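Please read the structure below before turning to the comments.
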Amino acid sequence: MNAPHRTALRAALSRMLVSTLLLGAALPGHAAGITIAIGSEPTTLDPQQRDDGAERAVTDNIFETLIERTPDGTLVPGLAAEMPTQVDALTWEFKLTPNVSFTNGEPFDAASVVASVMRIIDPEYNSEQLAYLGTIEGAEAVDDLTVHIKTTTPDPVLPARMYWMKMVPATYSEDENFGREPVGTGPYMFSDWAPGEGITLVRNDAYWDETPQIDDVTYRFIGEAGTRLSGLMAGELDLIRNLYPEFASAVPKAITTQGLETSTLVLSTTNPVMEDPKVRRALNLAIDRKALAESLFAGKANPVYGQIVNPKSFGFNDSLPQYDYDPETAKALIEEAGATGKTITLVGESGRWLKDRELIEAVGAYWSEIGLTVDIRIEEFGEYLNQLFDKENRPDAIFVTNSDELLDADRPMTATLEYNASYASNTDEEMAAQIQAARSEIDVEARKALYTEITQKAYDLDYLAPLLNQEDIYGLSERLEWTPRIDAKLLVKEMSVSE
Amino acid sequence: MGTFILRRAFQGLLVVLGVTIVVFIATRLIGDPAKVMLPLSASDAQRVAFEAQFGLDKPLDQQFFAFIGDLMSLDFGESIWQRKPALDVVLGKLPKTLELIGAGMFLAVVIGIPLGAIAAIRPDGLFDRLIVGLSLTGLSIPQFWLGLLLIMIFAVGLGWLPTSGTGTLAHLILPAVTLAVPAMARIMMLVRSSVINELNQQYVRTAKARGLSFLRVLFQHAMRNALVPVLTLAGWEVISAWAGYTVVVETVFAWPGLGFTAMKAIGQSDLFLLQAIVFVVAVGIVIVNILLDVLFKLIDPRIKDA
């Protein structure tokens, strides 16, 4: 065999070798699919119908919104080309990103935005998400890539609301198959839904923005925390959420991030013992929040800063301190108020939120230590809700966990502090008026100033005893790389697999 | 026999109707779906609109008569949680639960009966003691814990089987075993004591004296007589699994059946779905009971038509 032949042979051999290696490398590359556990099987993949976290985990990857958030919560343009501008107090103008289409070929344009808005606010359609979108009155196309969205009252939260509302294709969203085989503009496309078993999405290779790394993602429906954990340990799953703090050390990788949920006690300001501000102040001073975070949440929760507003939310008052733990002063205040030995009722539930019962019982114990008799009532959830929403008879203290999906003070303030709106236990009409004013104050600084006043007053008069900002805990497989987000979305495009 | 079955079916119909009405009343007393389903921060107006959509704002007596009317055409209304006709949801989940119960009860019977019979051959022998010990263990282990233990050993530790889910035969093994264990234990104990009892009867001694082989005596006589109580127990096991004992197993193994759905329906205060579930379960129990009655009559014609 002469030299050129040998060279050719060697070249052929090395090509074979290289291609084998590449192929070999490509095989695990093909396995760049991941499996995520969600708590229940979605009832539909229509992203505008239900208020269901399991469904959102899937549709967040198929559909997109005009406005997005960065992982730390800042609002940025998504399908919108830039942040919206206000035409007048009731009208917001959105410019759209050009050359985007839905994966079935329908264009994403002003018509599809109008269709998406009109569809979700249609009373006939009866979306559960209206709670997040309440003020939106309608939308109209100005030109192909410009839309006006109208609100019933001036609404400063509108950009955050548009972060919530997913854009659907104008024509196909009317098809009865839409909820089973959804089509969006997002980085992943629906592939398969085997009822009871799983849902699979594949990468949208024609995605208008940066193409993600992971090829496909399968969602499995596992409600039981212990079962999710064992699935992760057995290598069947790559990502589980709502990991119990005590299991964080048992999984390959556990990561946490500041969550949206804040636990609180809503305190009555009118019931016999509770009407004295000294008593309410004592209740706040009696709770050792640091100890609660350490012992119940293995440190994966943070004592609040004198308010229920999430530190990442608009309206967070950064001049308020963390509550002191001072049982001696608390005891003295109770004595001063003549409340020693008096009974207060603490109402709560069990099993809805992480460690709810333990938190309630611990708080009850702290309150007993300062000389009160605490009647802890853990109610069945339906009965608990009846008491939570009862406008006539407010419990002395009722436990609730507030989740601030829109990262804006309006919803937590309305829910916990606005007299006669939801489950506030005070009768402060002035504060209620301020909360209403803040809801439609368009001037950002004026609005911020209103929330500063509201949170300061609620702190000074102890309308609430907020407890902990909880952290979200995720369990990851060894190979999955991901940084969790403040809004708890599981965006597969932000994940990668190392192999 | 025909009139016997008809009479049983009619009685069963009354039972189903009664149970369904009780459930209607009970579900209206517990929980309020508008509060449970909507976000806690939804406004009161949104809750009122929600109630109106599902007719929950109407007076209770109106709701009740509408319910009875719809019941006649097997219309249970739309599941609040699934937004589909409630009966369709139930019938869609039914096959998975039947698969689980079928596999679990099959294991319980084919393992429980022979082991119980073998244990009875030499009461207090080594094998008997082993069987009794195992039965007691099987009866005392909480199913929830047993399920997680099996997952830890066979799925996480050894990696032989999947931890949860459904789709292949491998997925069925652990849930079926978990469901089978307590039933198997009870069946083993009952077979054992019935066979011991039979083997002490006069006719067995006669048969042996006639020169019949022990195995023939065991299987042709003793076992046959022991069959009625064992069948009764097996029927009861099927009914109790059907009436809700699969809930635990379905939850632990993320098995998408009726028990899991029932838990969810309760959690979501889905009145309409709950009514449909209870109706289907009640019908199932009536059917199993009728089948058992027929079977008993075939085995032992002396059983009265009471």
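Here is the naming used below: chain letters follow the sequence lines, and residue numbers restart at 1 for every chain. All figures in this text were calculated on a predicted structure; none of them were measured in a lab.
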Inset, instruction - Count the heavy atoms belonging to other residues, nucleotides or ligands that lie under 6.0 Å from NZ of B/K58, then report whether that count exceeds 12. - result: no
Inset, instruction - Say whether A/E236 and B/T163, considering side chains only, have a donor N or O and an acceptor N or O under 3.5 Å apart. - result: yes
Legend entry - Residues A/E224, B/F144; criterion side-chain contact (heavy atoms from CB on, under 4.5 Å); working and verdict: CA-CA 11 Å; A/E224 173 54 36; B/F144 188 81; 3.6 Å; yes
Legend entry - Region of A/N126 that comes under 4.5 Å of a non-hydrogen atom in chain B: both
Inset, instruction - For the pair A/R50 (side chain) and B/W81 (backbone), establish whether a donor and an acceptor sit closer than 3.5 Å, ignoring hydrogens and angles. - result: yes
Legend entry - Side-chain heavy-atom pair B/Q82, A/E41 within 4.5 angstrom cut-off: no
Legend entry - Which atom of A/S230 lies closest to which atom of B/I151, heavy atoms considered: OG-CG2, 3.3 Å
Legend entry - chain A contact via B/F154 - side chain, backbone, both or neither, heavy atoms under 4.5 Å: neither
Inset, instruction - Could you tell me which of B/A155, B/G165, B/P162, B/G159 has the largest number of non-hydrogen atom pairs under 4.5 Å with chain A? - result: B/P162
Legend entry - Interatomic distance, A/L229 atom CG to B/M152 atom CE [nearest 0.5 angstrom]: 7.0 Å
Inset, instruction - Pick one of side chain, backbone, both or neither for B/W255, based on which atoms fall under 4.5 Å of a heavy atom in chain A. - result: neither
Legend entry - Heavy-atom proximity to chain A below 4.5 Å, by part of B/K93: side chain
Legend entry - Lys/Arg N to Asp/Glu carboxylate O, B/K96 vs A/E197, below 4.0 Å: no
Inset, instruction - Pick one of side chain, backbone, both or neither for A/L388, based on which atoms fall under 4.5 Å of a heavy atom in chain B. - result: side chain
Inset, instruction - Can you measure from OG1 (A/T43) to CD1 (B/I80) and round to the nearest 0.5 angstrom? - result: 12.5 Å
Legend entry - A/T401, part contacting chain B, at a heavy-atom distance under 4.5 Å: backbone
Legend entry - Where B/T251 and A/T227 come nearest, the two heavy atoms and their spacing: O-OG1, 4.3 Å
Legend entry - Segment of B/L161 engaging chain A (4.5 angstrom heavy-atom cut-off): backbone
Legend entry - A/R228 portion near chain B, given a 4.5 angstrom heavy-atom threshold: neither
Inset, instruction - Check whether more than 12 heavy atoms from other residues, nucleotides or ligands sit under 6.0 Å from atom OH of A/Y244, and answer yes or no. - result: no
Legend entry - A/R220 and B/S164 side chains, donor-acceptor separation under 3.5 Å: yes
Legend entry - Over 12 foreign heavy atoms within 6.0 Å of OH, A/Y125: yes
